Amino acid sequence: MSTDGDGSIKVVPVRHVGRWVGVAAALVVVAMIVHTLLSRLPTGQRACQGTGASRVCHAVTEWRFSWDIVFRYFTTSEILHGLLVTLELTVIAMVVGIVLGMILAVMRLSPNRVLSGSAWTYTWFFRGTPVLVQLLVWFNIAILYPRISLGIPFTAVAFLTVHTNTVFTPLEAACVALGLNEAAYMSEIARAGLLSVDEGQVEAATSIGMVRRQTLRYVVMPQAMRVIIPPTGNEVISMLKTSSLASVIGVIELLGAATNIYSANYEIMPLLLTASLWYLVVTTVLSIGQFYLERHFGRGALRTPPPTPLQRMRRDLAGIVAKFPNRRGLAGAVER
Amino acid sequence: MSVSAPPLMVEAIGVRKHFAGVEVLKGVDLKVGRGEVACLIGPSGSGKSTFLRCINHLEKHDAGELLVDGQLVGYELRNAKLYERSDRQICAERARIGMVFQRFNLFQHLTVLENITLGQEKVLKVKDDAARARARELLDRVGLAGRDGYYPAQLSGGQQQRVAIARALAMDPKLMLFDEPTSALDPELVGEVLDVMRDLARSGMTMIVVTHEMGFAREAANTVYFLDAGVIEEWGDPREVLTHPTSPRLQNFLSKVL
């Protein structure tokens, strides 16, 4: 057996042929994508410079993906306003969804049949009908209930009565529709989280005299969060994009703003790309946030928490540097 | 019940319990005085754990009388009628009965210190500083001083169980229940937990211990109860019961575990 100076074994690593073929194929596809994204097409016009013999002409080209137009609209006030409405819709719908979903999950797990049955029925209904239909129903709710009253049920007593259309704008209808729909999904996620906590934890909390509510709040919920957070992050990202459906009922959010602009100037693709890029930017930010939330609620679950991307990058870099032990200059520079 | 003598800590008279048609406890009688240590031994499935869980009302017994500190567990006798106690009342009573589980059941998301302060702060409404001080004192007592910031997953089984004992003691219990506290431990870790329990017994804590550790039962218990198929088959002084068993079933059981 041959060893290095410091005693570690010198080996020839196994060659992973299949892996290399896969890498090559992936690189080709990536190259094709980059090429088409950055490709330019001739417009059919020619541009010429100079006069007489020094006159030079060349074909005029433009970006296939019209990047110039995409970025021209990227920060216009209409698009930014639409983005703000999208964020507002997402946040409100998710808050409604998470709070109501938690309540529904706790109800669903209640030993009382009426409570668990109501929660089940809610989920059955709101998960069983398309969200677009629900949006349209809430938008047109004034047809069913022209007035909303606050009073005693089943009597004529009303303390406050308002016209539905005056308080229920399209944006509010969208918040209600998306929020109530989301609650149905969130309740299932929360229920899975609550069930994932070991029964022994509940028994231990009970044995030190905690009432059900305290047990739920201080012992079960924090541990359920570890299971609830990842799919909830998924739901937030999904909601960000589902909120674009609100454009159907006249809410001018990100997609609504883009369609408004392209219906006037016919730059359909560039504006769809503008909206898509913004959705991607927000999704990226949300994903980063989700990572740190997961890390926070994973406390105690693992002996060593996973490294943050920054820590991992530093470790990878140190690994690469370590592969060139003789190049003192490089290794020394990074270590310092 | 006589007026002069303080009531027994635990008194069970004909306690019965069944799960889905299977009778697990078929009339258990038991008396544990203040400061006494009782060990429950018996084959698995004999109802030891179920009986223990009835004492702090984690399980409801179906028939018979069960009194802790002279009070009925889970019920109240008024005008010759039994009234179910409210959850709040039951929880308040439970807070004074410490319980240690086979699988430790430490709160995984909390540090060692937080495990011990949680009950004090939320149930007993002790101030944060006082709760921390008490927790540190108890950690020292179970031999884990300085482990405040560790999470349960970072401790060995024996250490976790000692934290669990400290967590129960933090509630200032008048009675401690141990449900096979050493059964989930590696053999070399059993000793450290039993040492803590021995100290506790010496300090005058009333304890009911479900255990397979016959050595511990012999030296620490005032009374040993042999539970088999839902009834107390034999009971008495541990030296007597464990060395000269009279019932054939206890003889058979001891021949297997000793």
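All values below come from the heavy atoms of this structure, side chains included, with hydrogens, waters and symmetry mates left out. The shown structure was predicted, so the numbers you read here are calculated from the model rather than taken from an experiment. Lettering of chains follows the sequences in order, A, B, ..., and the numbering in each one begins at 1.
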What do you reckon, is CD of B:Glu188 surrounded by more than 12 foreign heavy atoms closer than 6.0 Å? yes
Counting heavy-atom pairs under 4.5 Å with chain A, the top scorer among B:Asp87, B:Leu118, B:Ile97, B:Ile90 is B:Leu118
State whether the side chain of B:Asn105 and the backbone N or O of A:Gln201 hold a donor-acceptor pair below 3.5 Å, judged by distance alone. no
How about CZ on A:Arg226, more than 12 heavy atoms from neighbouring residues, nucleotides or ligands closer than 6.0 Å, or not? no
Exercise: identify the closest heavy-atom pair between B:Arg167 and A:Ile208: CG-CG2, 4.4 Å
If you take all heavy atoms of B:Gln108 and A:Gln223, which pair is closest and at what distance? CB-OE1, 3.6 Å
For B:Phe101, is it the side chain, the backbone, both or neither that has a heavy atom under 4.5 Å from a heavy atom of chain A? side chain
Find out whether A:Arg217 and B:Lys122 are in side-chain contact, i.e. whether some heavy atom of one side chain is under 4.5 Å from a heavy atom of the other. no
Taking everything shown except A:Phe125 itself, do over 12 heavy atoms lie less than 6.0 Å from its CZ? no
CZ of B:Arg103: more than 12 outside heavy atoms within 6.0 angstrom? no
Residue B:His18 excluded, over 12 heavy atoms near NE2 under 6.0 Å: no
Residue B:Tyr150 excluded, over 12 heavy atoms near OH under 6.0 Å: no
At a 4.5 Å cut-off on heavy atoms, which part of B:Arg96 comes close to chain A: side chain, backbone, both, or neither? neither
Nearest heavy-atom pair of B:Val123 and A:Gln214: which atoms, and what distance? CG2-OE1, 4.3 Å
Who wins among B:Gly119, B:Gly98, B:Ala164, B:Cys91 for the most heavy-atom pairs under 4.5 Å with chain A? B:Cys91
Taking C-beta and beyond as the side chain, do B:Arg94 and A:Thr206 meet within less than 4.5 Å on heavy atoms? yes
Counting heavy-atom pairs closer than 4.5 Å to chain B, which one of A:Asp198, A:Val197, A:Val202, A:Val211 comes out on top? A:Val211
Looking at B:Val100, B:Leu106, B:Thr111, which one has more heavy-atom pairs under 4.5 Å with chain A than the rest? B:Leu106
Counting only N and O atoms by type, is there a donor-acceptor contact under 3.5 Å from the side chain of B:His109 to the main-chain atoms of A:Val220? no
Which of the residues B:Gln120, B:Gln102, B:Met171 is involved in the greatest number of heavy-atom pairs with chain A at under 4.5 angstrom? B:Met171
Assess whether atom NZ of B:Lys174 is packed by more than 12 heavy atoms of other residues, nucleotides or ligands within 6.0 Å. yes
Could you check whether any side-chain heavy atom of B:Asn56 comes within less than 4.5 Å of a side-chain heavy atom of A:Ser207, counting everything from C-beta outward? yes
Which atoms of B:Leu58 approach chain A - backbone, side chain, both or neither, heavy atom under 4.5 Å: side chain
The interface call for B:Leu124 against chain A, heavy-atom contacts under 4.5 Å, is neither
